[in-house]
Chemist: 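Mind having a look at this structure? Questions to follow.
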Amino acid sequence: MSERPVIRPREKGDVPDDPLSRLRHSASHVMADAVRRLRPKAKVTIGPAIENGFYYDFDTEPFAPEDIEKIEAEMAKIVAQDLPFVRKVVSRAEALRLFADQGETFKVEIIQSIPEGDEISLYQHGDFVDLCAGPHIERTGQIKAFKVLSFAGAYWRGDERNPQLQRVYGTAFASKDDLKAHLARLEEAKRRDHRVLGKQLDLFSVDELVGPGFVLWHPKGAIVRTVLEDMIRRELVRRGYQAVFTPHVAREQLLEKSGHMAHYKENLFGGMELDGQRYLVRPMNCPFHIAIYRSQLRSHRELPIRYAELGSVYRYERSGVLHGLLRVRGFTQDDAHLFLREDQIEEELAGCVRFGLDILRLFGFADVKAFLATRPENFMGEKAAWDRAEAAIRRVLEAAGMPFEVDEGGGAFYGPKIDLKIRDAIGREWQCTTFQLDFQMPERFDLEYVAPDGSRQRPVMIHRALFGSMERFMAVLIEHFAGAFPLWLAPVQARVLTVSEKADVWGREVQARLLAADLRADADLSADKLGAKIRRAQMEKIPYMLVVGERDMAARVVSPRTRDGQQMPATPLDELAQRLAAEAVPPVLGATPAEKKPTG
RNA sequence: GCCGGCCUAGCUCAGUGGUAGAGCAUCGCUUUCGUAAAGCGAGGGUCCCCGGUUCAAUCCCGGGGGCCGGCUCCA
């Protein structure tokens with residue numbers, strides 16, 4: 001099963017034509033004009049509006065950071081001139097001549113790729129003419145709020161075999177306030193960056209010596225992960241899954257059989273040869289679970305079989321793509337493989353979707369969208385089976401009342417799949433959960449079960465992961481909660497803060513009582529003043545700060561304060577311990593699962 | 001992998017062709033304090049690594065590594 005990428009909002013294909021996109025598209029023309037004024041030799045290519053702004057790609061020398069202001073200043077002049085955008089339809093020959101004369105070889109290439117018979121239009125403002133389908137705003141003066149954001153290398157037509165161009169990113173909004181709000185959102189996202197918070201909160205690190213893309217979970221990060229894992233394990237049992245453990249290394253033949261050697265070779269990690277045998281570190285768990293399935297003859301009565309494992313896998317990812325916990329080279333999937341009869345597809349998928357939604361809701365991810373990827377050109381297996389499977393998926397999603405989009409032909413060659421996308425606290429979308437139907441692996445491994453009539457039948461597989469990977473989900477959670485984990489997840493749930501040394505005895509007793517109530521509690525008995533202790537605890541985003549001074553000690557109470565700065569009335573220790581313990585229990589999942597236990 | 005930027009104390013960052021600094025953290029002493037930083041003092045550096053230029057390199061040049069923004073990729 002693949003670890004799915006983050007879906008960063010991005011336009012592709014169709015040209016959007018809402019007013020804001022139109023404004024941004026026009027702003028990209030103005031930017032291209034500005035760059036051409038600054039660098040007459042720069043060749044222009046394309047410059048579309050995108051989700052939160054626009055970009056334009058140029059064939060020119062790389063830009064330097066100080067070019068941002070220069071380009072902005074030049075753009076401001078063009079805006080101030082309030083030039084009209086003029087549309088003009090020209091013949092193919094005219095267009096070709098115009099851009100060829102200017103040496104705009106990329107534009108010439110674009111014109112040549114426009115289907116014969118399509119209208120070719122130009123948009124001009126001032127002296128700047130661009131090949132463009134439009135539409136645009138009326139005048140440059142309408143661009144009231146814009147900003148050049150960054151530079152990047154980008155390949156011509158997005159193909160890395162093509163020359164690399166210089167991309168300039170910018171954004172534009174209808175008003176200065178909107179722009180300001182957007183820049184504030186960018187700041188907020190930066191503030192929540194899991195890489196920054198991971199360091200500040202001492203959750204994890206990546207060490208150059210250990211290797212890029214390999215995560216070291218520090219004690220506090222390990223607590224969060226353990227809580228998540230415990231919750232998963234508990235739910236797996238409730239839903240009829242069986243936990244298995246399998247090795248992280250295997251003989252090369254296993255991955256040859258699974259097709260990974262052929263289809264996944266460039267991502268395989270660390271081959272080694274021992275005793276004349278070649279071994280590889282695993283990039284996926286499925287072949288191992290399949291090996292367990294194959295260890296004995298299976299009856300139709302046993303199905304569905306659901307093997308689950310928090311399976312660590314290693315994949316070589318190109319160095320430039322690594323990113324915090326979101327894109328790593330070693331990670332642990334909350335993986336499971338279901339082996340079923342074809343007539344069980346619908347019910348099992350429904351169970352998977354329910355399971356996934358239940359889990360996601362625990363973290364406050366209520367806005368979940370599904371994406372159904374259907375049969376691609378080079379599909380494997382029988383068309384009729386695909387049709388049945390896709391129909392089953394649609395029924396499942398409809399029954400679950402889930403909005404879903406269809407990605408026609410976007411499925412893997414071995415089967416259709418469903419991905420769930422969640423929206424986090426500041427509106428960004430992430431994809432973690434995935435369910436993939438697989439007709440191919442059972443074939444490759446010649447999996448069978450004995451049908452009621454005694455015949456040997458081939459099972460279908462479902463690969464599924466709910467968190468996707470522990471690493472990725474952790475990153476999403478850190479950013480979603482901005483590091484302030486809910487009580488049940490917080491590495492330190494409560495910290496005792498003594499006002500002075502005189503309360504140390506009581507402070508220790510309070511901590512002991514909390515520990516006895518299964519709370520993750522520590523105590524700050526340092527010689528610092530209370531204000532400093534509070535500040536430290538605040539920065540660690542500890543949910544409860546329990547202030548104890550001499551007054552509290554005398555009354556056998558504690559004075560709690562929450563991390564949102566709220567002071568609560570002094571509370572007797574026992575009462576507080578019970579209350580916090582009750583509040584710290586991991587949330588219970590929804591309806592009792594309907595899945596039946598596999599018969600043993 | 002590709003384009004660009006960056007790498008200085010544990011962390012965040014100043015800085016210079018003549019081998020280096022701040023704040024926080026750490027350690028010691030003083031302070032015993034009631035809701036977001038008490039005071040004083042001390043220790044701490046292969047200025048990412050390897051080569052080159054130079055009388056002299058943390059600084060300039062070349063190569064390598066890592067990180068960051070993108071691109072490409074993510075069966």
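Remember, predicted model here, so these are calculated numbers, not experimental data. Convention: sequence-line order gives letters A, B, ...; per-chain numbering from 1.
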Chemist: Across all strands, who's sitting opposite B/C2 as a Watson-Crick or G-U wobble pair, both distances under 3.5 Å?
Modeler: B/G70
Chemist: Looking only at the side chain of A/Glu208 (C-beta and beyond, no hydrogens), which of the listed nucleotides B/G1, B/C33, B/G65 gets closest?
Modeler: B/G65
Chemist: Using 0.5 Å steps for rounding, measure from the CZ atom of A/Arg24 to the OG atom of A/Ser28.
Modeler: 11.5 Å
Chemist: Name the nucleic acid region contacted by A/Arg536, choosing base, sugar-phosphate or nothing; use a 4.0 angstrom heavy-atom cut-off, strictly under.
Modeler: nothing
Chemist: What's the closest nucleotide to the side chain of A/Ala527 if the choices are B/U31, B/U35, B/G4?
Modeler: B/U31
Chemist: If you find the nucleotide of RNA chain B closest to A/Arg318 and the one closest to A/Asp193, which residue's nucleotide is nearer the 5' end?
Modeler: A/Asp193
Chemist: Does A/Tyr316 place a side-chain N or O at less than 4.0 Å from the phosphate oxygens OP1/OP2 of B/G1?
Modeler: yes
Chemist: Quick one: is B/G69 close enough that its OP1 or OP2 comes under 4.0 Å of any side-chain N or O from A/Ser150?
Modeler: no
Chemist: Nearest-Å distance, CZ (A/Phe63) to C1' (B/C71)?
Modeler: 15 Å
Chemist: For nucleotides B/C60 and B/U16, find the distance between their P atoms and express it as a whole number of Å.
Modeler: 11 Å
Chemist: Assign A/Gln200 to base, sugar-phosphate, or nothing according to its heavy-atom contacts below 4.0 angstrom with the strands shown.
Modeler: nothing
Chemist: Report the nucleotide, chosen from B/A37, B/C71, B/U35, that has the shortest atom-to-atom distance to any side-chain atom of A/Ala532.
Modeler: B/A37
Chemist: Check for a donor-acceptor pair, side chain of A/Lys533 on one end and backbone N or O of A/Asp524 on the other, with a separation under 3.5 Å.
Modeler: yes
Chemist: Which of the following nucleotides, B/U35, B/C71, B/G69, is nearest to the side chain of A/His323?
Modeler: B/G69
Chemist: Is a donor-acceptor pair below 3.5 Å formed from side chain A/Ser559 to base B/G34, judging by atom type as modelled?
Modeler: yes
Chemist: Could you check how far CG of A/Asp419 sits from C1' of B/C74, rounded to whole Å?
Modeler: 12 Å
Chemist: Between B/G15 and B/G45, how far is it from one C1' atom to the other, in whole Å?
Modeler: 15 Å
Chemist: Categorize A/Arg167 for me: base, sugar-phosphate, or nothing, with a 4.0 angstrom heavy-atom threshold over every strand shown.
Modeler: sugar-phosphate
Chemist: For B/C71, does either OP1 or OP2 sit under 4.0 Å from a side-chain N or O belonging to A/Tyr169?
Modeler: yes
Chemist: Which part of the nucleic acid, if any, lies within reach of A/Gly531 when heavy atoms closer than 4.0 Å are counted: base, sugar-phosphate only, or nothing?
Modeler: sugar-phosphate
Chemist: So what does A/Gly158 touch, heavy atoms closer than 4.0 Å: a base, only the sugar-phosphate, or nothing?
Modeler: sugar-phosphate
Chemist: Name the closest nucleotide to the A/Gln164 side chain, picking from B/G1, B/C68, B/G70.
Modeler: B/G70
Chemist: Considering only the P atoms, how many Å lie between B/U35 and B/U26, rounded to the nearest integer?
Modeler: 23 Å
Chemist: If I take atom CG in residue A/Asp202 and atom P in nucleotide B/A25, what distance separates them, rounded to the nearest angstrom?
Modeler: 16 Å
Chemist: Between B/C13 and B/C6, how far apart are the P atoms? Round to whole Å, please.
Modeler: 14 Å
Chemist: Is there a Watson-Crick or G-U wobble partner for B/G17 with both distances under 3.5 Å, and if so, which one is it?
Modeler: none
Chemist: Taking B/A9 as the reference, what is the distance to B/C59 when you measure between their P atoms (whole Å, please)?
Modeler: 15 Å
Chemist: Check every atom of B/C33, B/U35, B/A36 against the side chain of A/Gln567 and return the nucleotide holding the closest atom.
Modeler: B/U35
Chemist: Mind calculating the distance between CG (A/Leu525) and P (B/C33) to the nearest angstrom?
Modeler: 16 Å
Chemist: Can you name the one residue among A/His337, A/Glu309, A/Gln333 that meets side chain to side chain donor-acceptor pair (under 3.5 Å) with A/Asn285?
Modeler: A/Gln333
Chemist: Looking at B/C73, B/C71, B/U35, which one has an atom nearest to any side-chain atom of A/Arg327?
Modeler: B/C73
Chemist: Measure from CE on A/Met553 to P on B/C33 and round the result to the nearest Å.
Modeler: 12 Å
Chemist: What is the distance, to the nearest angstrom, from the CZ atom on A/Arg195 to the C1' atom on B/C11?
Modeler: 17 Å
Chemist: Do A/Phe214 and A/Phe269 have their ring centres less than 6.0 Å from each other?
Modeler: yes
Chemist: Might you point out which heavy atoms bring A/Glu390 and A/Arg375 nearest each other, and give the distance in Å?
Modeler: OE2-N, 2.8 Å
Chemist: If you assign each of A/Gly324 and A/Pro560 to its closest nucleotide in RNA chain B, which residue comes earlier from the 5' end?
Modeler: A/Pro560
Chemist: Measuring only the C1' atom in each nucleotide, how far is B/C50 from B/G69? A whole number of Å is fine.
Modeler: 28 Å
Chemist: Base, sugar-phosphate, or nothing for A/Asn267, non-hydrogen atoms under 4.0 angstrom?
Modeler: nothing
Chemist: Which of these nucleotides, B/A36, B/G66, B/G1, is closest to any side-chain atom of A/Arg535?
Modeler: B/A36
Chemist: Which nucleotide wins on minimum distance to the side chain of A/Lys502, given the candidates B/G4, B/G34, B/U32?
Modeler: B/U32
Chemist: In plain terms, say whether A/Arg195 and A/Asp193 are close enough for a salt bridge, that is, a side-chain N and a carboxylate O under 4.0 Å apart.
Modeler: yes
Chemist: Need the pair for B/G62. Rule: Watson-Crick or G-U wobble, both distances under 3.5 Å, any strand; none if unpaired.
Modeler: B/C50
Chemist: Identify the nucleotide, in any strand shown, that forms a Watson-Crick or G-U wobble pair with B/U12, with both distances under 3.5 Å; if there is none, say none.
Modeler: B/A22
Chemist: Please determine whether salt bridge (charged side-chain N to carboxylate O under 4.0 Å, His left out) holds for the pair A/Asp424 and A/Arg192, giving the CA-CA distance in whole Å, both sets of side-chain angles, and the decisive distance to 0.1 Å.
Modeler: CA-CA 11 Å; A/Asp424 77 7; A/Arg192 289 168 176 257; over 6 Å; no
Chemist: What's the gap between B/C47 and B/A25 when it is taken at their P atoms, as a whole Å value?
Modeler: 26 Å
Chemist: Considering every strand and a 4.0 Å limit on heavy-atom distances, what is the contact class for A/Lys533: base, sugar-phosphate, or nothing?
Modeler: nothing
Chemist: Mark yes or no for whether A/Arg520, through its side chain, and A/Gln493, through its backbone, hold a donor-acceptor pair below 3.5 Å.
Modeler: no
Chemist: With a 6.0 Å cut-off on ring centres, are A/Tyr56 and A/Phe58 close enough?
Modeler: yes
Chemist: Compare the minimum distances between each of B/C71, B/A36, B/C3 and the side chain of A/Ala154, then state the nucleotide with the smallest one.
Modeler: B/C71
Chemist: State the pairing partner of B/A38; accept Watson-Crick or G-U wobble contacts with both distances under 3.5 Å, and report none otherwise.
Modeler: B/U30
Chemist: For B/C74 and B/G5, measure between their C1' atoms and round to the nearest Å.
Modeler: 25 Å
Chemist: What integer distance in Å separates A/Met539:CE from B/A37:P?
Modeler: 10 Å
Chemist: Report the distance from atom CG of A/Leu326 to atom P of B/C67, rounded to the nearest whole Å.
Modeler: 14 Å
